[in-house]
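Taking it in order: structure first as structure tokens, then the write-up.
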Amino acid sequence: MTVPTPAVAGAIDAVRGHFAGKPVEVIPDGAGGAFVIVSDIEIGTHYTPAVTWLGFQVNATYPASDVYPHYTGRLTRTDGRAHGQAIQQVTWQGRDALQLSRRSNGWNSAVDAAALTAEKGIRWLATQ
């Protein structure tokens, strides 16, 4: 199994730092990238459950590629409405999940790091 590239390993370290205190699972993808799953992510009162996991792949071309899409555990809106078009039910890494199809518009590798895009995805979801 191929270990993550140095850039991917650095991104994983940054994710661990950004989400300090939360469990972070890393699964090498066999091509120099990794699947990352952060547990105990607080989504807020718009969803049940209010705490879930967040997952994404940092591929081997990172930082020359966006970290997209992001995934969470299956969530239900507390207001009973359906999820919007940018949210689909899928299976990801053997888990029932919601796929958040939110790429970084105007993506910039110097700014849109893995930890930042993960945080932006959580913030976006919490406001839906």
Taking all non-hydrogen atoms of both residues into account, name the closest pair between [X] and [Y] and its distance.
X      : Y     : value
Gly32  : Thr2  : N-CG2, 3.7 Å
Ser101 : Gln99 : OG-NE2, 3.1 Å
Asp40  : Pro23 : OD2-CD, 3.4 Å
Ala9   : Pro4  : N-CB, 4.3 Å
Ala7   : Pro63 : CB-CD, 3.9 Å
Trp53  : Ala97 : CH2-CB, 3.7 Å

Under 4.5 Å between any side-chain heavy atoms of Phe56 and Thr117, yes or no? no
Verify, without hydrogens or angle tests, whether Thr78 (side chain) and Thr45 (backbone) share a donor-acceptor contact under 3.5 angstrom. yes
Closer than 3.5 angstrom, by distance alone: can the side chain of Thr5 be matched with the main-chain N or O of Val8 as a donor-acceptor pair? yes
Point-to-point distance, once rounded to the nearest 0.5 Å, from [atom1] of [X] to [atom2] of [Y]:
X      : Y     : atom1 : atom2 : result
Tyr71  : Asp96 : OH    : CG    : 13.5 Å
Arg74  : Arg95 : CZ    : CZ    : 13.0 Å
Thr52  : Glu42 : OG1   : CD    : 11.5 Å
Glu119 : Leu54 : CD    : CG    : 9.5 Å
Leu125 : Ile43 : CG    : CD1   : 4.5 Å

Criterion side chain to side chain contact (heavy atoms under 4.5 Å, CB included) on Ile122 and His70, from CA distance to verdict: CA-CA 9 Å; Ile122 294 165; His70 290 85; over 6 Å; no
Do Trp124 and Phe19 belong together in a cluster built from hydrophobic side chains that touch within less than 4.5 Å? yes
Shared hydrophobic cluster, Ile27 / Val90 (ILVMFWY, side-chain heavy atoms < 4.5 Å): yes
Just checking Gln93: does its CD atom have more than 12 heavy atoms from other residues, nucleotides or ligands closer to it than 6.0 angstrom? yes
Just to verify, which of Thr72, Leu98, Leu75 counts as forming a side-chain contact (heavy atoms from CB on, under 4.5 Å) with Ile87? Leu98
Over 60° means perpendicular and under 30° means parallel, so classify the ring planes of Phe35 and Trp92, tilted if in between. perpendicular
When you compare the side chains of Ser39 and Glu25, does any donor N or O come within less than 3.5 Å of an acceptor on the partner? no
